[in-house]
Amino acid sequence: MALQTTFLPSTLTVHKEAKLGIKDSSFVGISLAGHAKADFVAPLRSKKLCMPVVIKAQSTAVAAPGLTNSSLDGKKVLRKGVVVVTGASSGLGLAAAKALAETGKWHVIMACRDFLKTEKAAKSAGIPKENYSIMHLDLASLDSVRQFVENFRRSGMALDVLVCNAAIYRPTAKTPTYTADGIEMSVGVNHLGHFLLARLMLEDLKKSDYPSKRLIIVGSITGNDNTLAGNIPPKAGLGDLRGLAAGLNSHHSSMIDGGSFDGAKAYKDSKICNMLTMQEFHRRFHEETGITFASLYPGCIATTGLFREHIPLFRALFPPFQKYITKGFVSEAESGKRLAQVVSDPSLTKSGVYWSWNKDSASFENQLSQEASDAEKARKLWEVSEKLVGLA
Ligand code: LMG
Ligand code: NDP
Ligand code: PMR
């Protein structure tokens with residue numbers, strides 16, 4: 001018998017699966033369906049927020065554990081960490097969710113826009129069902145981001161690590177598409193949706209009692225023009241941010257630098273924003289909060305859904321090209337292990353770092369390009385972004 005605990009914004013009640021119709025991909029909330037027999041007890045942030053998070057088949061309540069739980073032999077063990085991973089329905093996010101969940105030390109909240117796709121992906125990847133939940137998040141809507149944060153808080157779970165991983169890449173688009181808020185899609189999803197999410201969830205991270213709290217924003221080599229890959233046209237460049245300041249909407253420019261639309265450039269620009277945002281977080285909050293802020297280039301994962309909109313010829317040639325010619329290729333599983341390291345490896349706690357891996361898969365602190373490490377631009381990007389997402 002599968003029971004489901006669902007946090008619906010309006011009702012906050014517990015439903016049986018049959019009543020709720022979890023197969024609806026427009027699902028909103030958190031589902032632990034199919035996890036009913038699990039022993040997982042979600043770490044609660046405080047005893048005030050005592051919504052039951054997991055229901056075992058015969059019980060209805062969950063105690064709020066502290067940082068440590070007593071194991072069977074009476075020893076104190078660190079509770080499971082809670083990590084939110086955006087875009088965990090495929091590619092890097094899915095592989096990282098699997099790598100983390102399989103350790104048994106993490107409960108992964110897969111924050112995704114398509115519940116059904118995510119549930120299928122999690123199942124076929126064999127992610128242990130007691131170690132993940134799915135929560136709806138559409139980064140192409142600022143309302144959805146706010147709703148996600150509210151739902152997460154209502155769940156009562158602590159937030160120990162947030163991974164901003166989701167992205168969209170539109171290399172063949174001739175004209176821009178827009179988010180629900182009328183912002184160009186690539187920058188709207190990859191940067192602004194995550195910017196709002198990270199800004200709001202900083203409060204949750206601050207409250208966590210976990211020993212190593214982290215906020216990770218996935219970057220890329222293609223936004224760094226101090227590399228060959230970063231010099232393949234169209235090159236990234238934010239200019240003076242005039243397009244962003246004007247709102248990236250259909251009335252003005254859809255590009256951050258104010259230029260005309262180029263889908264591949266918009267993606268690369270959004271990656272610069274991701275890397276600048278991570279550093280600005282570090283400058284503003286690391287000392288005060290002790291949170292580790294980091295970014296990474298996980299390697300060229302040439303087989304993921306990121307290239308779904310590229311022409312078929314590209315999709316066919318890109319993986320062998322990266323494997324045999326550039327040697328920059330990395331499998332989804334390997335990239336997932338890399339991201340999982342940045343989430344949980346005790347040796348990767350340094351803040352403000354852009355991690356990369358060498359050919360032996362050893363991590364190292366990489367250098368960002370001049371533009372991706374421009375502190376003045378990062379500050380300006382922060383301020384303009386705050387206005388666009390309604391925080392200033
Ligand atoms: C552009 O197109 C869009 O036009 C633009 O709008 C924007 O969307 C942009 O970044 C996004 O993409 C992309 C692409 C289209 O154009 C290019 O990349 C131009 C360069 C293509 C020329 C390829 C030069 C290849 C250089 C390698 C030379 C190899 C020498 C061989 C030596 C071998 C020794 C072992 O083009 C495509 O979509 C198709 C090109 C895809 C890129 C990959 C290039 C593949 C090269 C061949 C790979 C074969 C792999 C086999 C490996 C076997 C090894 C044993
Ligand atoms: P995938 O396309 O496989 O994964 C992207 C994820 O983002 C999917 O889960 C997708 O959801 C999700 N997503 C897209 N739009 C939204 C949205 N509006 N709201 C919520 N989620 C959304 O690509 P990758 O795994 O390759 O990309 C993951 C990260 O890795 C990205 O940040 C990318 O920039 C970065 N990266 C990738 C590299 C590569 O070579 N592939 C190299 C360097 C960095 P859905 O399944 O519903 O579409
Ligand atoms: Mg690139 C060492 C060389 C190297 C690396 C590591 C990458 C990574 N690429 C390299 C070289 C080249 N690429 C060369 C020489 C070419 C010309 C043939 C080339 C082309 C190319 C294209 C057309 N590469 C691409 C594209 C894309 O559409 C991808 C992209 O820019 O997505 C935004 C891409 C990528 N190359 C990479 C990586 C990691 C990507 C994609 C992913 C990303 O940044 O998220």
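Counting convention: from 1, in listed order, for ligands and their atoms alike.
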Counting from 1, what ligand 2 atoms have a heavy atom of [X] closer than 4.0 Å?
{"X": "Leu306", "value": "1 (P), 2 (O), 3 (O), 23 (O), 26 (O), 37 (C), 41 (N)"}
{"X": "Leu137", "value": "19 (N), 20 (C)"}
{"X": "Ala140", "value": "18 (N)"}
{"X": "Ala166", "value": "7 (O), 12 (C), 13 (N), 21 (N), 22 (C), 32 (O)"}
{"X": "Asp138", "value": "17 (C), 18 (N), 19 (N)"}
{"X": "Gly91", "value": "3 (O), 25 (O)"}

Under a 4.0 angstrom heavy-atom cut-off, which atoms of ligand 3 come close to [X]?
{"X": "Cys300", "answer": "37 (C), 38 (C), 39 (C)"}
{"X": "Thr326", "answer": "2 (C), 3 (C), 4 (C), 10 (C), 11 (C)"}
{"X": "Ala229", "answer": "4 (C), 5 (C), 7 (C), 8 (C), 9 (N), 10 (C)"}
{"X": "Ser220", "answer": "43 (C), 44 (O), 45 (O)"}
{"X": "Leu306", "answer": "45 (O)"}

Would you check the N or O atoms of Thr222, main chain and side chain alike, for any that come under 3.5 Å of an N or O of ligand 3? yes
Taking atom types as modelled, find out whether [X] and [Y] have a side-chain donor-acceptor pair closer than 3.5 angstrom.
{"X": "Ser385", "Y": "Glu383", "answer": "no"}
{"X": "Lys271", "Y": "Asn224", "answer": "no"}
{"X": "Ser351", "Y": "His282", "answer": "yes"}
{"X": "Thr304", "Y": "Glu332", "answer": "no"}
{"X": "Arg170", "Y": "Thr177", "answer": "yes"}
{"X": "Asp160", "Y": "Ser208", "answer": "yes"}
{"X": "Asp345", "Y": "Ser347", "answer": "yes"}
{"X": "Arg338", "Y": "Ser361", "answer": "yes"}

Parallel, tilted or perpendicular: which describes the rings of Phe195 and His191, with under 30° parallel and over 60° perpendicular? tilted
Is the Phe307 ring parallel, tilted or perpendicular to the Tyr169 ring (thresholds 30°, 60°)? perpendicular
With a 4.0 Å cut-off on heavy atoms, is [X] in contact with ligand 2?
{"X": "Gly299", "result": "yes"}
{"X": "Cys300", "result": "yes"}
{"X": "Thr86", "result": "no"}

So how far is it from Ser144 OG to His136 NE2, rounded to the nearest 0.5 Å? 5.0 Å
Hey, what do you get for OG (Ser373) to CG (Asn226), rounding to the nearest 0.5 Å? 8.0 Å
Which is closest to [atom] by heavy-atom distance: [options]?
{"atom": "atom 36 (N) of ligand 2", "options": "Tyr267, Tyr297, Phe318, Phe329", "answer": "Tyr267"}
{"atom": "atom 44 (C) of ligand 2", "options": "Gly219, Ser186, Gly223, Ala302", "answer": "Gly219"}
{"atom": "atom 31 (O) of ligand 3", "options": "Lys268, Arg170, Lys265", "answer": "Lys268"}
{"atom": "atom 9 (N) of ligand 3", "options": "Gln322, Lys271, His310", "answer": "Gln322"}
{"atom": "atom 28 (O) of ligand 3", "options": "Phe321, Phe329, Tyr169", "answer": "Tyr169"}
{"atom": "atom 10 (C) of ligand 2", "options": "Glu309, Gln322, Arg308, Lys117", "answer": "Arg308"}
{"atom": "atom 41 (C) of ligand 3", "options": "Phe307, Tyr297, Phe314, Tyr267", "answer": "Phe307"}

Heavy-atom nearest neighbour in the protein, as seen from [atom], with distance rounded to 0.1 Å:
{"atom": "atom 19 (N) of ligand 2", "answer": "Leu139 N, 2.9 Å"}
{"atom": "atom 9 (O) of ligand 2", "answer": "Ser89 OG, 2.7 Å"}
{"atom": "atom 28 (C) of ligand 2", "answer": "Asn165 OD1, 3.2 Å"}
{"atom": "atom 4 (O) of ligand 2", "answer": "Ser90 OG, 3.2 Å"}
{"atom": "atom 47 (O) of ligand 2", "answer": "Arg113 NE, 2.9 Å"}
{"atom": "atom 30 (O) of ligand 2", "answer": "Leu92 CD2, 3.5 Å"}
{"atom": "atom 35 (C) of ligand 2", "answer": "Val218 CG1, 3.6 Å"}
{"atom": "atom 5 (C) of ligand 2", "answer": "Ala167 O, 3.6 Å"}

Thr292 side chain near Leu215 side chain, heavy-atom distance below 4.5 Å: no
Quick one: does His286's side chain get under 4.5 Å of Phe281's, heavy atoms only? no
Taking Arg242 first and then Asp257, would you say they form a salt bridge - that is, a charged N and a carboxylate O separated by under 4.0 Å? no
Any nitrogen or oxygen of Gly93, side chain or backbone, less than 3.5 Å from one on ligand 2? no
Gly305 N/O under 3.5 Å from ligand 2 N/O: yes
Is it true that atom CD of Gln370 has more than 12 heavy atoms of other residues, nucleotides or ligands lying nearer than 6.0 Å? no
Take atom NZ of Lys123 as the centre, draw a 6.0 Å sphere, and report whether it contains more than 12 heavy atoms from other residues, nucleotides or ligands. no
Hydrophobic cluster identity match, Met185 and Ile272, side-chain contacts under 4.5 Å: yes
